[in-house]
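Report on the structure given below.
In this text, all values refer to a predicted model and were calculated from it rather than measured experimentally. The analysis underlying the following values was restricted to heavy atoms, covering all of them including side chains, and did not include hydrogens, waters or symmetry mates. Below, read A as the first sequence line, B as the second, and so on, with proteins coming before strands; counting in each chain starts at 1.
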Amino acid sequence: MSSEKTPISLGSNFIRAIVEHDLADKKYATKKWAGSPGDSKHQALGQLDPAKIRTRFPPEPNGYLHIGHAKSIFLNFGLARDYAGVCHLRFDDTNPEKESQEYVDSILDAVQWLGFNWQTIESNGGVESNLYFASNYFDFMYRAAESLIENGHAYVDSQTADEMRETRGTLTEPGKNSPWRNRTVAENLQLFHEMRDGKHADGSLILRAKIDMASSNINLRDPAIYRVRRAHHHNTGNTWCIYPMYTFAHPIEDALEQITHSICTLEFEDQRPFYDWLLERLAEAGLLAHPLPKQYEFARLNLTYVVLSKRKLIDLVEQKHVSGWDDPRLPTLAGARRRGYVAEGFKLFTDRIGISKADSWIEYTILEDCMREVLNDAAERRIAVLDPIKLVIDNYELDKVEDCFAPNHPLKPELGKRVVPLTRELWIEAEDFMEMPSKGFFRLTPDGMVRLRYGYVVKCTRVEKDTVGNVTVVHCDYLPDTKSGTPGADAIKVKGNIHWVSAQHAYAAEIRLYDRLFKEAYPGSGDRDYLNDLNPYSVKTITAQLEPNLKDAKPEDRFQFERHGYFVADKKDSIDGKPVFNRTVTLRDAWQK
RNA sequence: UGGGGAGUCGCCAAGUUGGUUAAGGCACUGGGUUUUGAUCCCAGCAUCCGAAGGUUCGAGUCCUUCCUCCUCAGCCA
């Protein structure tokens, strides 16, 4: 019986408000959908769209997805789920030089891991795939560009990139018209065709929208929309030597897919006027039909002690500051997964932080708390001694092996108990013994008593030390009538309760103790180089003494090592019968040394 | 200094067309339960909404001015 917790409120945010208003206004009630993306003619052949809204998650396959993307994924897929809509997973692959199949695969994997897929059951019972590639729209984009040219809304410029930069003006000064701005439609069309046909060198010609070089919005100063670039594309191969720019491609992708709410981050806000301009021009030309998609922007995620920019993540990987894209210290979803973070934790996290347009920095501990919260419920308990010292029970029979019973989950008795063997020689945590106890310390001390969790109460009699004075062995006597679970076991009250593992039975395992990758809350802030903020102690590999059954852990099995934290059997380095564990996150510790 | 955004408790974030005592979460503090110093439970936690004026019977919500921060000058997305 699970306790009835108050369900987490989905909260409300400005985007949900917009969606609800649009739905109430029946803004998209007449929108049609022919079962696949396409222009106005294609969609007109379809029926009323069974999806009340369409959103999309449009990653560029030029890197691995990270926690910030999780926010966007939950937003977009969540909106679709909550408002009887559909969310498209669309690869925004318009720049062949940076994109690759490896990234496509990793993104597909991450999205599924978060619990989403791109299959939708249609009203007719069929299954529709909502996995799309922008590169599949290149034909239409080419046609759209021709349309712009034909209607005098675009021209081919012969200026070099440098010249274009010089004539673009500045934030406070207007730009200057290109000398090629008034080429005739026929000339523009011919040059554009020649660009496609490979008759011009990369960068020699470029197609530009013809809007206003004096606009106070720099994005409207005749933005570049099609460039010549001979590069192999992961999807279209060498079919094209011209590629559309994001600015031009993205609105079209949304429109062809009948997206209703195109949600992106704040830095695209300035782009919205062009987004609307382009779509209106194509609608005027009959290529697209109203209602057209609308773009909305929200603040991207910032996390303290974390770096989420693609460029920086690529640097960390390529400069080998981490072991790869799935290094458990990285905020990539692949890394987080290896670290032991769970998808439900990310869901909780995104619900908890909300959506708004205010720039904000979320405290990293919020994410950790979310993981603790779901792991506390999901993970079975086990015992691990991370920094072992010997404890010898002098009055315990030499070869005796006694069964102790430990619950697998204190909040879920139905999960039963397991047997852990107790013997004369045990491993205990070095920090659970203090020769000179500080105030408030209530574990083992000279002459002190403590309970061996799930076993007996034990009283310290003496200690052995090495040459430098470190305690190496603690000697104790046990109190026979105090075994956990037996009548009268609690007759002697002790406050301390420490974990242990039989030295004879323990599984000595490799464990990686991870800490934050950066030592500064705002890596690279001020005039610092973010690489100088790297935490030199972000990982520590130790050999720990584990409860014997942990030897059978399978990759990605998660446990709470009692009194320590949550750990996961590494999916990559674990060998059958010899798992290696990663510390996901520690338990909270109110005692804080 | 041009354009576009944002400023509500330490961190996030709700605040319907202005209407009464400014949601909620996290953190924090105090108390309780507990064979994890964990979990869980209870209680407390903004007379104030970037600042200053103004309109109004009444303003976080309207007006004016000011301040701070973010963002835009790739043939990247």
Can you tell me how the ring of A:Phe138 sits relative to the ring of A:Tyr243, calling it parallel under 30°, perpendicular over 60° and tilted otherwise?
perpendicular
*Are A:Arg300 and B:rC70 close enough that a side-chain N or O sits under 4.0 Å from OP1 or OP2?*
no
Check: Taking atom types as they are modelled, is there a donor-acceptor pair under 3.5 Å from the base of B:rU36 to the side chain of A:Gln560?
Finding: yes
Among B:rC11, B:rA13, B:rC76, the one nearest any side-chain atom of A:Glu363 is B:rC11
query = Is any N or O donor-acceptor pair between the side chain of A:Arg588 and the base of B:rG37 shorter than 3.5 Å?
reply = no
For A:Tyr566 and A:Glu368, does a side-chain donor sit closer than 3.5 Å to a side-chain acceptor? no
Quick note, A:Ser12 side chain, CB onward, closest among B:rC72, B:rA14, B:rC76 is B:rA14
Side-chain contact check for A:Ala358: nearest option of B:rC75, B:rA77, B:rA6 is B:rA6
Polar side-chain contact A:Arg381-B:rU36 base: donor and acceptor under 3.5 Å
yes
May I ask you to verify if any side-chain N or O of A:Arg208 is less than 4.0 angstrom from the OP1 or OP2 atom of B:rC75?
-> no
Next on the checklist: Does A:Asp589 contact B:rG37 through a side-chain donor or acceptor facing the base, at a distance under 3.5 Å?
Outcome noted: no
Less than 4.0 angstrom between a side-chain N/O of A:Ser356 and OP1 or OP2 of B:rA13, yes or no? yes
In whole angstroms, the gap separating P of B:rC70 from CG of A:Leu266 amounts to 13 Å
- prompt: Is the ring of A:Tyr246 stacked on the base of B:rA77, with centres less than 5.5 Å apart and planes under 30° off?
  reply: no
Sequence neighbours excluded, the answer for salt bridge (charged side-chain N to carboxylate O under 4.0 Å, His left out) partners of A:Glu20 is none
The correct list of stems in which RNA chain B takes part (3 or more consecutive Watson-Crick or G-U pairs, distances under 3.5 Å) is B:2-7 with B:67-72, B:10-12 with B:24-26, B:28-32 with B:40-44, B:50-54 with B:62-66
Quiz item: Within less than 4.0 Å of OP1 or OP2 of B:rC26, is there a side-chain N or O belonging to A:Thr365?
Solution: no
Quiz item: Does OP1 or OP2 of B:rC76 have a side-chain N or O of A:Arg227 closer than 4.0 Å?
Solution: yes
At 4.0 Å (heavy atoms only), tell me whether A:Asn497 reaches a base, stays on the sugar-phosphate, or touches nothing. base
